[in-house]
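One structure is given below, encoded as structure tokens.
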Amino acid sequence: MDPRRLPLKRKSCVAMASESVVQTEFVFTGYGKNYVKLLYLRRDGDIHFVKELEVSTELTLNNVKDYTHGDNSDIIATDSQKNTVYVLARQHGVQSAERFALLLCDHFLRKYRHVMKVRVHIEEAPWKRMEIGGQQHVHAFLFSHEAKHVCEVNQVRDEKPLIWTALSEMRVMKTTQSAFKNFVSDEFRTLPDADDRLFCTVVQCKWWYNTSAVNFERAWEGVKSTILETFAGPPDRGEYSPSVQNTLYLTAQNILEKMPEVEKVYINLPNVHYFGIDFNRFPKIDFRKNDDNVYMPTDKPSGNINATIARKTKSRL
């Protein structure tokens with residue numbers, strides 16, 4: 001028989017299917033409820049206190065049978081997680097966003113033994129007590145967006161929680177005592193040296209704690225005050241800044257020196273530009289002879305300066 005006419009031996013469909021299966025493994029799993037909004041109101045006689053939070057929760061279980069086999073028997077529904085946020089806020093109150101995030105992590109890990117990791121992310125609305133005639137009001141509040149307050153707690157079972165807080169969207173400016181000069185001069189440079197310029201930035205600062213024994217409200221105000229004091233300097237004379245980089249470094253140094261509970265600081269300072277108008281192009285117009293000036297705000301493109309600065313670990317030698 002002509003060997004070219006022998007019947008082909010076909011592999012079974014089962015064998016072919018098993019050989020085509022891609023070998024995979026889970027790198028990460030997590031599920032939860034995002035953007036749970038709540039307003040906590042505490043009444044202390046006539047004086048009222050408010051905290052408005054947006055809470056996101058995420059749980060990681062000790063198995064993946066819900067993914068691989070469609071077995072939902074270990075799933076704490078995201079709706080249940082939402083209800084947990086409301087119940088714990090009512091039972092325990094909200095002292096601070098960070099403290100409430102720690103409470104949620106502890107609850108999920110204690111109540112459900114098959115939960116191996118919890119992440120809670122919280123954004124706080126910027127309500128501040130209203131002032132009327134120089135006096136703080138007992139129950140009226142003003143939504144004042146000076147800075148955005150965000151925090152997150154990550155906790156793995158039987159490990160210490162990892163806590164960070166962030167301050168962002170805080171726009172600041174000073175109109176003098178800022179310079180930038182003696183930088184690289186090559187064929188691409190068009191920017192002249194500046195001995196005195198406007199310095200505007202939108203501060204983003206994130207810091208990690210080395211302990212959970214923290215007065216988080218005081219820490220938030222402490223970091224915010226340190227950023228403003230370092231940027232502006234004393235109110236009667238200011239503080240000279242030779243570069244955004246130097247101001248960033250001094251800010252992080254001051255935070256770490258003043259706050260022993262902070263282990264590491266990330267700061268991002270985009271250099272928001274205000275360019276001077278060239279009024280020499282209008283020789284027929286008589287401008288007033290004074291130090292007044294007009295600038296053109298330009299937020300894009302902007303310089304972007306950032307760094308993470310941590311406490312130096314001591315050598316064991």
Side-chain angles (χ1 to χ4, degrees), residues 32 34-40 49-58 85 88-89 92-109 117-128 143-156 159-172 201-231 247-270 306-311:
N34 283 348
Y35 317 128
V36 180
K37 290 182 174 291
L38 72 92
L39 176 68
Y40 170 69
F49 302 85
V50 296
K51 285 283 185 184
E52 183 177 344
L53 307 179
E54 185 177 89
V55 182
S56 297
T57 62
E58 181 181 85
V85 171
L88 292 188
H92 301 278
V94 179
Q95 178 185 358
S96 68
E98 291 85 354
R99 192 62 62 193
F100 188 60
L102 284 164
L103 176 69
L104 285 166
C105 287
D106 180 69
H107 168 85
F108 285 120
L109 290 170
K117 180 183 178 182
V118 184
R119 182 177 70 89
V120 177
H121 183 94
I122 298 180
E123 296 188 11
E124 181 174 347
W127 289 106
K128 63 184 296 186
F143 196 89
S144 179
H145 196 118
E146 291 182 357
K148 187 176 182 180
H149 181 176
V150 181
C151 74
E152 185 171 297
V153 175
N154 287 268
Q155 187 164 8
V156 176
E159 295 183 11
K160 293 181 178 180
L162 177 64
I163 313 164
W164 60 256
T165 298
L167 176 156
S168 62
E169 300 178 14
M170 186 169 73
R171 187 162 182 148
V172 294
T201 187
V202 183
V203 180
Q204 179 185 358
C205 181
K206 180 178 178 180
W207 58 98
W208 290 259
Y209 296 99
N210 51 32
T211 177
S212 59
V214 178
N215 183 324
F216 292 105
E217 293 288 278
R218 188 181 301 164
W220 162 265
E221 293 297 335
V223 171
K224 181 181 174 183
S225 296
T226 301
I227 292 171
L228 296 177
E229 290 167 7
T230 307
F231 176 83
T247 297
L248 185 155
Y249 170 71
L250 293 176
T251 301
Q253 284 287 103
N254 289 338
I255 291 172
L256 292 171
E257 287 178 5
K258 293 180 179 180
M259 308 185 67
E261 66 269 35
V262 174
E263 187 65 23
K264 180 172 63 173
V265 181
Y266 165 81
I267 301 178
N268 181 289
L269 298 180
N306 64 88
T308 301
I309 299 173
R311 297 184 185 279

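Side-chain contact between F231 and V203: absent, with no pair of heavy atoms (C-beta onward) separated by less than 4.5 Å. Considering only heavy atoms from C-beta on, L162 comes within 4.5 Å of W208 through its side chain. Looking at Q204 and Y266, their side chains come closer than 4.5 Å, going by heavy atoms from C-beta outward. For the pair T165 and E98, the minimum side-chain heavy-atom distance is below 4.5 Å. L104 places none of its side-chain heavy atoms less than 4.5 Å from the side chain of V118. Residues V265 and C205 meet the side-chain proximity criterion, which asks for heavy atoms closer than 4.5 Å.
Here the shortest heavy-atom pairing between P270 and V202 reads CD-O, 3.2 Å. T211 approaches I163 most closely through the heavy-atom pair O-CD1, 4.1 Å. Smallest separation of non-hydrogen atoms from L256 and A310: CD1-C, 4.3 Å. Between A147 and P126 the shortest heavy-atom distance is O-CB, 4.2 Å. Nearest heavy atom pair, residue K51 against residue Q95, reads CE-O, 3.8 Å.
Here the side chain of N254 pairs a donor or acceptor atom with the backbone of L250 at under 3.5 angstrom. Between the side chain of R119 and the backbone N or O of S56, no donor-acceptor pair lies under 3.5 Å. Although no hydrogens or angles enter the test, the distance criterion places no donor-acceptor pair under 3.5 Å between the side chain of N268 and the main chain of K206. R99 places a side-chain N or O within 3.5 Å of a backbone atom of V214 that can act as its donor or acceptor partner.
Considering CE of M259 and CG of N210, their distance stands at 10.5 Å, rounded to 0.5 Å. Atoms CD and OG1, on E221 and T226 in that order, are 11.0 Å from each other to the nearest 0.5 Å. Note that the CZ atom of R311 and the CD atom of E263 stand 6.0 Å from one another [nearest 0.5 Å]. Atoms CD and CG, on E54 and L38 in that order, are 10.0 Å from each other to the nearest 0.5 Å. Put simply, CD1 on I227 and OG1 on T247 are 12.5 Å apart, with the number rounded to the nearest 0.5 Å. In this structure, the separation between CH2 on W220 and OG on S96 is 12.0 Å, given to the nearest 0.5 Å.
Counting heavy-atom neighbours within 6.0 Å of E52 CD, excluding the residue itself, gives a total above 12.
The ring pair (Phe, Tyr, Trp, His ring centres under 6.0 Å) test with W127 singles out one residue from Y40, F143, F49, and that residue is F143.
Salt-bridge formation is detected for the pair E229/K258: a Lys NZ or Arg NE/NH1/NH2 atom is positioned less than 4.0 Å from an Asp or Glu carboxylate oxygen.
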Item to check | side-chain contact (heavy atoms from CB on, under 4.5 Å) between L228 and M170, intermediate numbers included | outcome: CA-CA 10 Å; L228 296 177; M170 186 169 73; 3.8 Å; yes

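Aromatic ring pairs are classed by plane angle as parallel below 30°, tilted from 30° to 60° and perpendicular above 60°; the pair W164 and H121 is perpendicular. Ring geometry for Y209 versus W207: interplanar angle over 60°, hence perpendicular rather than tilted (30 to 60°).
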